[in-house]
Structure formats: C-alpha cells, structure tokens
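Chain A is the first sequence line, chain B the second, and so forth, proteins listed ahead of strands; every chain is numbered from 1. Just the heavy atoms: all of them, side chains too, but no hydrogens, waters or symmetry mates, feed the values below.
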Amino acid sequence: MAQVEKRVPGTERIQTVEMRGITKRFPGVLANDKVDFDVRAGEVHALLGENGAGKSTLMKILYGMYAPDEGEILINDTHVEIHSPTDAIQYGIGMIHQHFMLVETLTVTENVALGLPSSRGLLTDLDAVSKRIRELAQVYGLQVDPNAYIWQLAVGQRQRVEIIKALYRGADLLILDEPTAVLTPQEVDEFFATIRQMVAEGHAIIFISHKLHEVLAISQRVTVLRDGKRVASRETAGCTKADLARMMVGREIRVMPEKPPAQVGDVMLELRQVQAQSDLGTAGLKGVSLQVYAGEILGLAGVSGNGQRELAQVVCGLRPITSGRVLLKNEDVTGMLPGELTKRMLAYIPEERMKDAMIQQFTVCENIILRDHNKPPYAQRGFLRHNIIGEYTDKLIQYFKVKTPSRDTQARHLSGGNIQKVVLARELSRQPRVLVAAQPTRGLDIGATEYVHNRLIEERQKGTAILLISEDLDEILALSDRIAVIYEGKIMGVVNRQEATAEQLGLLMAGVKEELTPA
Amino acid sequence: ATTPATPEVSEPETTDEPVVEEPFRVALIMPSAINDLAFSQSIYDALVKIQTEMGGESGFQFVYSENMFVVDDAAAAIRDYASQGYDLVIAHGSQYGSSLREIAPDFPEVSFAHGTTVDTFVDEGITNVFAYEAASDQGGYVNGVMAGLLTESNVVGVVGPIETGDAKLYIDGFKAGVMASNPEAQVNINYTGSFSDVALASEAANTHIGAGADILTGTAQMVVGAIGVAEERGVLWFGTQSSQTSLAPSIVVANQVYDWTVVLRDIISLIKEGTLGGKAYAITLANDGLVMDFNPQYTLPESVGQAAAEAIQGIESGSITTLP
Amino acid sequence: MKQFLSKFSVSSFFDAILPVFAALAAFGLGAFMLLALGANPITAYAALIEGALGSWNAVAETTVKAVPLLLVGLGICIAFRANVINIGGEGQMIIGAIFATLIGLNFTDLPGWLVIVLAMIAGFLGGALWGAIPGYLKAYFSVNEILSTVMLNAIAVQLMNYLLRGPMIDPAQAELASKIPQTARLDPLFHLPRLIPTRLHLGALIAVLLAIAVYFLLFHTTLGYRIRAVGYNPDASRYGGIRVRKQIVIAMLLSGAFAGLAGAIQVYGLNYRMITDGSASGFTGSAGFNGIVAALFGQLHPLGTIPASFVFGAMLVGANSLQRAMQVPSAFITALNGLVVVFVVSSEIWRRRRQHRRRLTARIVEDELVEATIKPETEAQP
Amino acid sequence: MIEDLFSTTVLVGILASGIRLATPYLYAAIGETFGQRSGVLNLGVDGQMLLGAFAAFYVALTYQNLWLGILAAIIVGGLMGLAMAYVTVNLQAQQGISGIGFYLFGLGMSDLLFQKLLGTVETVRGFPSLYIPFLSDIPFLGDIFFRQNILVYLAYLLVPLAWFVMNKTTLGLKIRAVGENPEAADSLGVSVARVRYFSIILGGMLSGVAGASMSIALLNVFQQNMTSGLGFIAVALVYFGGWRPGGVLLGALLFSMVNALQLWIQVKGIQIPSDFAVMMPYVLTILVLVLAVQRVRPPSALTKPFERES
Ligand SMILES: Nc1ncnc2c1ncn2[C@@H]1O[C@H](COP(=O)(O)OP(=O)(O)OP(=O)(O)O)[C@@H](O)[C@H]1O
Ligand SMILES: Nc1ncnc2c1ncn2[C@@H]1O[C@H](COP(=O)(O)OP(=O)(O)OP(=O)(O)O)[C@@H](O)[C@H]1O
Ligand SMILES: [Mg+2]
Ligand SMILES: [Mg+2]
C-alpha cells in the first residue's frame, strides 16, 4: 500500500504548525481561552496542565474532532481548515488519544489498514500492510506482531499499535495525549527512544504528560495551560520540576510526600502459593506467596502484564484461584465472592477505575454505596435509605474534596480526577483493614497525586495493611515500607525500602535474580 | 358504507316487501381477511350475494371488521355495532362465543348470529342469538371418496393447520371418505401448527409427495402454499371452504364450497318476522349450503363422478355417516 | 415519588407532549393514505378519537387495552434496566394465562376472591418460569436472549394449542366433533370485579399499583439497585459484590412474571376462558410486543409507562373503531400504527437534545457554585 | 414407526425440504448479519420481507417478468432499509422499537396494497426448478441439491460471498470496525454513518429478496402476512450464527431441517401430538446453543447510536 496522498499546501512535509487564538466553549466551561500554540518539525513540544485544563480539547481541535469557536490553524504558515480527522490525516497530522482508539476484535494489521485505500482496490491488502508494519517496527523499534488481535495485547503493545497507525498514515506531526500514563519505566525508555528517532527524522511531536520528569527528559519546549488559558511557554532546558509544578498549579507542590515511621502490626493479608489464569487462559500467577502487615505499605513493583492485575483480582475475589490459599487476618478466604470479602473490610482501588469500579450512569450517591448497598444503615429490609445515603455522600464529597455539581450528578459528568476521588472516598471511608490500591495515581495531575499519596499514608497510620501496586518506580520508592517485585507471575523477591535501590529493583523487574536478604 | 354494490339486480328470492322500506343492516366480524380464499371470505361472499338479491344498498347494507383475531377487540366491535342499531350482528368465529354470550343480553333488540357453533345460548335464557355451523365433514367425505378412487399410489396427503374445529371436521370426513372408497389407501396428515405459515404448508405438501402421495387436500388459508406445490409436482388437489380452482386449474379436482346464503336468508326473514334468535343452523349438502364445485377443466373419470354423486346422495338421505 | 413529581416543569411538560406532535405527523402521513383509500381523513381521525376517548365506555375500553401493555411494559422496564432484551412477552403472557386458568378450572370449591388471588399468583409464577428460562440460559449458557425468547414464544403457542385442544379442553367441546380449542368458562364468581359498568375491571387498578411498586422496586430497593447496576456495568457490579448472573435471572424472571400476570388478567378480566386461534397474538393481541414499545415510550420508567400505555391503548382502540366507522381495511390501521411508532421513537432525539442543553445550562450555574465553594478549599490545602 | 424415519426417501425428503425452507432465512439473516455487524439491530425484517414479497409478486404478475419482480423487491426492501437507516443513524432512534414500527408498517402496507391492487389470492408462474445438467441425475444427491430454483442456488452462493465481503474487502473491514468501535473507526476517517447506511440498506434489499424468494420462487402466491413471523426467526438465527455467515447457514439449515423432520414425523404417523412436533425446531435450536456453549460476543456497538461529540 502506498503512502497516503497529502494535500499540504506549499511544501510536502509539515515544517510548522501554528494554532492562533484558539477558543473553545462547552456550555458552562471555557475549555480553551485564546490559546496560542505552535510546534516545529524536529522538536518535541510538551503540553502541561492540571486535569481539566484543556489540553485534550486543544489537541482534538487540531485533529479536527472539535470545531474551535475562535482562532485559526496554520500549517507551514498557510491557513488551513481542519473539519474532521480525515482532513487532519491528509495534512499529515496523527493523534494518539488518551483512551486508545483501537478495534479490539481486529488484528493489528486490520486496525492499521482500516480506512486506508487498498492497493487491491475493493479487496484488502493485509499482507502488504503487515509487511510495511514490520518495516516501520524495525525502523522505530516498535515490536509488535501484526497478526495478533488487539485484545491479546498488553497496554504497552497497544500503544505501539497506535503509533504505527499514525506513522503508517504518514504523520509528520504526532500528537501524543498522555501516552506514558499506562507505560512502565522500561517501556517509557523504549518509547522515548522511538520519539527521539522520529524527531531526528524530522517529525514534529506534541507530548502531553502529567509526569514532570518525562517532560524534562524528552521535550525541547513546554507550554502550560491553566483553566483553559496559556500561562507559560518556554524552552525546557533550564526548567526544574518545581518550576513546572508552580506554573501548573500556582503553588508549591511537594513532589513526594513525607512519611512518618511505620507502626507494623499483625499479618493481615497472606497469599500462599497462589496460582491463577490470565485473561488469555495462560498461567497468570505461578505460585505467589506474600504477606502484608497491618500499618505497612507493601509496594508491588513490576512491568505491566506480569501478573499484577491477576494478583489484585485474586485477592479481591474477582478471579478464581486454581491452587493455593488466600488468608485475611488468618481466616481462609479462598474462593470467596467479592461481597463476602467486602464484609471483611477489604477495599480495592482497581487499575481501570472508570470501567471496573464505577457505574458511569449512576449518581455519585449511588456509586458511593456500590460496595455497601445492602448493608445498614444504607439499606433496611431491602429498601434503600436515600436520606442517609445522601448525607453520607455529602460528607464524603466535602471530606475528599470531590468537585461535583451535586451528589445526584451522574458519575460520567465528572472529570477523570474526580471520578478517581469518588472511588478513593468510597474505599477509604469504609475503614478497611486491608487496602489493595492498583495504580492509584494513574492519569492524575500532580496536585491530585499529592493528595492521594497523603491519603494513603494517613490510612497506613491508622493501621491498614496496604498493598500498593504501581508501575511507577518513583511512587513505589516514595511510599512503600517494603517492596516486592513481580515478574512473569512470580515474586522475584521482597526487600525493605531502606535497602532497595532503583537499579536493583529494575534488574528484578527484568527477571534477573540476585541473592537478596529477605525482608 | 363502502359496501360493494353490484349494478345488476338478480332475481329476488325471498322478499316480496314494498321497496320503500328501510334497508336491512348487517354488521360482520371475522377473524381473517375478506379475501382469504377460506373461512372469512366464505361469509363475506355470502353477504355480497344477499345484497344483490335484496336489491343492492337500498335493500341491504352491511359493514364489516376483518382480521379481528384478537378476541377482546372483536368483543368491542360486537358491542359497538350492536349499540349502533344494526339489525343483525354476525360474529363469524367460534372464538367469539364467550363475548357474545356476555353482550347479547345487553341488546335484546338486536339479533346476533354466531358461527361456527351449535350453541344459541337458549339454555341460558338468551333468545337473540342464532347459531350456524358447516358440516364440512360432508364435503370432506365426498372429496375423500373421489380421492380414494383416483389415487394410484394408494397414498393421500392432508395439510392441516391445527387439529381443531372446522379443519378437524373436514379432515375427519375426508379420511372417512377415502376409507369408504378405498380401504387399501393410506391417509397421511400433517399439521403446520398455524393458519398462516404458507411456507411450511408448501413443505408439508412436498413431504406428502415424498412419502408417495399422489393426491392432496388441505384446509385453512395457508394451503395456498400447498396448492402451488401440488401443481408444480403434478398431483391432484381437493379444496374446501372456497373454490380454489383459480389457483391451479390443471390439478384441482373439486372443492367443497361454503354458501352461507341459505342460513342468512332464513335468519333475515325470521328477524323481519320478529324472531331474533334461538335457532341453530348447519349448512349441509342437503340444504345446498355446501356445494360441490367441480373443476370443469379437469376431466373426472365417469366412475369417480358417479361415486361422488352417490356419496352426495347418501349423505343427503342420511344413509352415509360422514364422521367415524 | 416526590422526587419524580418535583421534576415536572413547563419544560418537561413540553417533552412529555413531544411524542404527541410526532404522532400527529404520522397521522398526517396516514391522511394521504386515507385519501388514497377514498376516505375523508378528518372524519376518520374524528372517529378514531371518538372511539378511543369519546365516551366513558371508550375511555374504559382504552384503559382495558392499556392494562396488558402496562403490565408487560413494567416487566420490560425491569429487564431492559438489567440490559436484557426480553422479547418473550407473548410467550410469557400465554404461560401465565395457562397457569392462572388451571387454578380457576380446578379449585372450583374455593371462595371467589381466593381463586382470583391464587390465579393472579399462578399467572405471575407461570410468566416468571417462562421468563426465567431465557434468563438462566443467558446467564449460565451465554444463549442470547433475543434468540431464546423468540423461540420460546413459538413454543408457548404450541403448548397452548396442545393444552387447549387436549388436557384443558372445555368438556362441552370435547364431546363435539369439531372440538373448538378452548377451556371451560370460568365460574362468574372468579371474574375480576368490574370497576364501573363497562368492561373496566380491577386489573387496571392492579396494574397501576404495580407500576408504583415497580418504581419503588427499581429506585428504592437494594434489588432494584443491583438490577440497574448490572445493566449499566456488570464488571463494576461484580466488583461491588453483586452476583451478576443471579440478577440477570431475577430481572428476566420478574419481567416474565409481569407479562404472565398480564396474561392471567386477560383471562380473568376479559375473556373468562382461554381460547386459541393458533397464533400468539390471537390471545395476547400482541401486547407482549406492544408492551415493549409502551415501556420504551415511557423512558423505561415504570411511572412513565402508565401514560405511555394509555396512549398506545387509545391508539389501538381508536384504530379499531376507525375501521368500523369508515370501513377502511384493518391493514391500514396496522400500517398507521407502524408509522406512529416510528415517528414517536424518532422524535426522541429532540427531547434528548433539549434535555442535554438544559443540563449544560444548568451546569453553568452549578459550576459557578462549585467554583465558589470548593475551589478555595482546594487551594487552602497544605 | 420411528424406524420408518431412517429410510433414504425420508432423508432425501428432509434434506431437500430443509434446503428450500432455509432459503428465505438465508437471505434475510445474511442481510441482518450485515446490519448487526455494523451495529444496527433491525427487528423490521419481517415487514421488509412482506413488502418485498408483494412488490416482487405484483411486478412479476403485471409485467410477466420474474427478474423485474426481483428488482422491485430489491428496490422496495432497499427503500425500507433507507428509512430505517435515516431513523436509526441520523435520528438516533431506539433501534429495537423503530424496527417493530417498520415491521408493523410493512405488515400493514403489504396487505393494504395487496387488497387494493390485487384483491384476491392469485398465483404467478414463479422461477422454475433448474435442473443442473448431469449433477441433477446423481441418485439422491441430485434430488436434494440440484433440482431447486435459481433463487435457492443464489441463497447458498450468498453465504460464501457474504463471508468474502465481510472478511476480505476493505468495506467488510469497515463494517466490522464500525460495529465494534465506531469511535475508533471515526478517528481514522471512516464514515460511520455511511457504513451503517450501506449495511442497513443492503440488509433491507436482501430481506426484500427473501420475501421475493417466497412469493415468486418457492410459493408463487402472495397472501397477507405470508411470512408469518419468519423474519423474526431470521433475526434469531443471526444470534445463533454468531454474526458469521457460516454460522447463519448452519442455524438456518438446522432450523429448517428439523422443521422438515417434524413434518415427516407427522406423516409417518408417529404418535406424538402435532403441536409437539411443530415445537421441535424451536426447542432444538435453543438446545443446540446450550450444548455448543459457544461464547461469541455480539458486536460491541450493537444497538448503540453513534454521535461524534462536538
Ligand atoms: N465534550 C465535552 N463537553 C463538555 N465539556 C467538555 C467536553 N470535553 C471536555 N470538556 C470540559 O472541558 C474542560 C477541558 O477538558 P480537557 O479534556 O481538555 O482537559 P485535559 O486538560 O485534557 O484534562 P486531563 O488531564 O484530565 O486529560 C474540562 O472542564 C472538561 O470537563
Ligand atoms: N432486606 C434485607 N434486610 C437486611 N439485610 C439484608 C437484606 N437483604 C440483604 N441483606 C443482607 O445483605 C447481605 C447480602 O445480601 P444477599 O446475599 O441477599 O444479596 P444477594 O441478593 O445474594 O446479592 P448477590 O447478588 O451479590 O448474591 C446479606 O448478609 C444479607 O443479610
Ligand atoms: Mg486530557
Ligand atoms: Mg449473595
């Protein structure tokens, strides 16, 4: 299949893209307020801002998904009209969305070929496409099996498919909306290598991330949005994390929290030689043994797809165990249903909160009682007590500072960060004895991240046993008392925080085992 | 009313009334469509004929509700017509009995006719309901006698809807007829479980032919599917309820045709005399309510025609019983 | 209840009558068909309205017609909330009616009120059984409910045909050669009492009370909460400790139960016996399908389904009297019904858009409020 | 009695009947498969079939040209599809009910036209059986497979063709993507609306042909409600077939063969009430699904309207 015909005015490749005075109103929200933004071939321009600052909106305008209310777009200094993604693609703009745009039931090749003219006319030319995918993969280090179905792929691999899709369409400018949120540090490194390669070949990149160190590492320029306005735009070189944070939030942020010493108690959660299958039917957990004590945070580090999801689900009764035992405070809870575990004061913040822990069409109230809807005082003889539920919800909204018009607002109308807070509020307010928190700060801005970290530490001080699952090694190191590393469904080792180093953990995460002093 | 009016007025048979009288008004409720080539069409055709006899719209008017297969819709229609002061309300479907029994006492001035049934509710003190039915076993028997003689394979097939009511009478009579004329013959029956499944009726016919049948018959509106198959595969067909000759002139031997006019004429004259119900009718071969309609394009062997005529005579005289 | 009523306003009144405009548009199209049929549309539609609402008797007939629509619709509200598409209402009505009729035919010694109560319960259970089957097959065998309910409708019809011409046949018919497939008539003591001297029977009251009950069930009980949760998001429900499969079975069971009750009420309130013409709609009058339409017009809200059923009932009753008054073929009525359904369902988009706009304008106010109250606190946080 | 069923006559009869009975299901269900794969549930199939059946019959009768009849059925079915597409795609109406609305419209309208234009049941000379040279002379097999009419052959050719279009063409790829994740397809410049329009209209056309296959090929008559709910079974068969043409073929054949079998059971005088015989295909279709424990997911976007946020 040939490259797509482009109708870029003047030159063939994108040299500069400029957005001038872009304003976008959603009823009730001024998402973008006279924003100027530009990017040049051969550079990475980072876009920063709190949750809801208007980053995605600005980029969707550039990609033709939203029409701006005011402002104009210029490519190579020529005014262009971009009315749809098709227009954008033809100008050589590619976008990788915050939420992947992939058809899970199709193969990688089919996803890439979708919507493109075929060299065989009406028939698909999947062989040719897959050949070209392998070439691109070679050039940019994007290893992925063209014949695999999307549902079989891990997030990191899906990310690569998205990039291949854009490159395949001959994107000169690539918009990356929080591409690293779901990637492991290793994957981020590989991903950055790909980006550098692309920049070297003259691509222009727009990069959105909440992780300041990534912004510092990859970008040449950075622009900060706050409440829809551009508040700063400067060369990255010379900026510090603290500078960026201040520009974003307008106040000082402690990037990593302070932590009082741990008051460790009894074993609260114990896994003994647990085995379980993964979604694909392969062995997901191959005999995992772990203990989490009251009053400690046990960090579980590991590269995504090594069994973290399975482990969390096994503990919370959402995945059957093929062999082994799970104990909650010395009680065997193997095979118990989630409802029964809930009664035993187990709390769980799952990785995919929007999907797995919230009912988008339910109100905040209704979501707050998702775990306890049939327990007094929220229900009596099978009837819900809306007054009590409402008052309780109001209290949580206030205490956890959830930004919502009212307790009766549907969850889907809240911003991602606030949905996160609702889950957190629900799980923590249940006064759990054991808390499983998977990727609790994924997708959150630094202000919200700081807030979540503080809450977790607070919970630890109350004597809760916390299993913190994170792919963010910085987060693990900052919060954990002990750190376990999981690799291919097995625990590679457990180390005390004081004895752990990033290098050593990195090796373990890669499956390289050294002799360790067990914690 | 958009009653079909026929310009030419045929010989008036029953009326010697003065011309200036109010027209006689009839309302008809029936379960399927007026053109179903079967049960509903038979009564509709009769009313059209009566209208012609009675001098067109000026002497006789009628309105109808078709496709009233939902019993309580029919009940609403019956009540509505009755309250509009029709002289006669005909509930043409045995399923309407319950409703009629309920409604008739509320309209003692109105006469009702209910078919097909034998029950006029007189036992229950209701005096304004006539009942009518078709002795369809009689024509079935005659058809059966001919089929028994005409079959060469000694296998005859019957396509039925559901094993009840009019269909059951016809089929039982048909079977008895075949047995009478040809005890060797085998009568295969299958039911489609529906009055409307034309496709299944056609495969039912194919099945019979596959099982060796060289003569077919069937009843209810879905048999049009079976007739097509019979024609294509060249086997003979016997019809009932209405004349089906036009559908397949080359293979239809004879039809039992319902002619309700004999019943209707009598009912109308009784009403005019002031009797509003209490009498039960049956259309039979003897009273010409059932007519054997032979397809002129099919040359019936003389002996078979003879046997049919004898059967008709026997039934009319009562020497032959048509039901087992 | 209070919550629901308080949502009424001029705006939502307009939303409520929007379907009426859509229906009028369909009637407009129907007018051309009427002209083609040689009938005067104005007289025709006058006859329709007259027939549906023109007298107390007409209103009673309309209400009677609405009863099964409402009951089936309530079941649909429950099932669709659990994201189960129950198009088995026809079969469920039939089985419910069979169960209920068996009570009336076999317990002739019991007092009338008791038989009625038992019969309603039996109808409820019969429908529940016929609904639970596809629910169970969906939950535990992944058999799609659209497929199974379509098939079960056909099975129920054949079962009815068999019973009515065999084991349950009217003893009087059993002696006749023609064997009309009907049961014996129910003892008059067992008939549902009439409310006013029309065909309006107690079933109407039962249906409305049940609509209120279903409203409470869905929005004020833990069971309703679970059913809705499962319908929206089974994964999160499982996480919340809800046994998803069980709720699917329960929802289908309840859905069938209401249809079954509708069947029982048709027998005890209107026909006083079961009789078959071999088709499902001969007994149900297609209420098993039309109830779906009524529920969806009612926004899948039990209380909204009450007026929706009434309007749909009026349409059906009025159409029949239109046929009588103008002698237009019944086929026209069927086609007109189809047009009305299509037009009304298409008008939904305007209502949704208006609602969306309202919500967004409301959000401006709310957002300002939020800014004012919460934002400062966030910033005050250490 | 039961052993009477195990003869070649019966077997040949069942297979031949089954193949014919399955024909309208195939057209309708394959059409519906396209619609559902693109994310639209059309419950109005039966209405489209009835209108198609009437159009084909009327045109064939009036102009004495069967192919013109087919064309009429295609046009009428396509127009019904167009209306359905406008209502579900542009107006984003609830697919389930609008389908029921179109069903009622087709049911009434076909009957109305029948009454006004024809008035009574008539017959037409439909497509004759086409004896494939040589093949039709093979004992047994010839009877079963090679003595059907052209529309029967075309129905079976449609199955691989549909598979091919769905899996091997860019259009098929778009259809599958749109039914699964319309947002993703849209972000790649695939017009969700256009793809859905195409699929629904194609579905309507095939439903029209399904009707025509009854009125001018298999039965050669038109009667009110002559499909008697066949279109609903066709929709169910799409679920049976797991949204794949091959699966639909299996389902249609299973259902039809069992239907043919039950007719033979009755003809052979096997002592079960006829009602239970008639029930058999419905019961077996469910049972097979229970036992096969297939876990094919419906297209994710099925019944969900798509609207790009703005
Ligand atoms: N389609 C929409 N309709 C109404 N409001 C919207 C819509 N899309 C975004 N918004 C609002 O516009 C504002 C900016 O949203 P946007 O998604 O651009 O934020 P963001 O900077 O990408 O945040 P995040 O870091 O959470 O991704 C938010 O207040 C959001 O609620
Ligand atoms: N009406 C009620 N009154 C008091 N307690 C109740 C009531 N309903 C449920 N509970 C309590 O809530 C707990 C869970 O309820 P139950 O097991 O009935 O839910 P369920 O219907 O089984 O839910 P699931 O679908 O998850 O199985 C039980 O311990 C029960 O005692
Ligand atoms: Mg964003
Ligand atoms: Mg439980």
Problem - Heavy-atom contact with chain B under 4.5 Å, split by part of D/Met214 - result: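 The side chain, not the backbone.
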Problem - Side chain / backbone / both / neither for D/Val221 at chain B, heavy atoms under 4.5 Å - result: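 For D/Val221, the contact with chain B is made by the side chain alone.
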Partners passing ring-ring contact (aromatic ring centres under 6.0 Å, His included) against [X] (at least two apart in sequence or in another chain):
{"X": "D/Phe222", "answer": "D/Phe54, D/Phe114"}
{"X": "D/Tyr103", "answer": "D/Phe232"}
{"X": "D/Phe127", "answer": "D/Trp67"}

Problem - Best-contacting candidate, B/Gly225, B/Gly228, B/Ala199, against chain D by heavy atom pairs under 4.5 angstrom - result: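 Maximum pair count with chain D is reached by B/Ala199.
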Fill in the blank from the handout: Highest number of heavy-atom pairs under 4.5 Å with chain D among B/Val229, B/Val224, B/Ile34 belongs to B/Val224
Pull every donor-acceptor pair under 3.5 angstrom between chain D and chain B and give the atom names with distances.
from, atom 1, to, atom 2, distance (Å)
D/Ser17, OG, B/Glu203, OE1, 2.7
D/Arg20, NE, B/Glu203, OE2, 2.8
D/Arg20, NH2, B/Glu203, OE1, 3.1
D/Gln115, NE2, B/Glu66, OE2, 3.4
D/Gly119, O, B/Asn35, ND2, 3.0
D/Thr123, OG1, B/Leu247, O, 3.2
D/Ser129, OG, B/Glu232, OE2, 3.1
D/Gln223, NE2, B/Gln221, O, 2.8
D/Gln224, NE2, B/Asn67, OD1, 3.4
D/Gln266, OE1, B/Tyr191, N, 2.5
D/Gln266, NE2, B/Tyr191, O, 2.9

Exercise for the section: Quick one: which of D/Gly13, D/Gly18, D/Ala260, D/Gly119 has the most heavy-atom pairs under 4.5 Å with chain B, could you say? Expected result: D/Gly119
Fill in the blank from the handout: Turns out that what part of B/Ile227 lies under 4.5 Å from chain D's heavy atoms comes down to neither
Handout entry: Per-residue contact mode, B/Ile189 against chain D (heavy atom under 4.5 angstrom)
Key = backbone
Problem - D/Leu21 side chain reached by B/Leu200 side chain, heavy atoms, under 4.5 Å - result: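 SC-SC contact between B/Leu200 and D/Leu21 confirmed.
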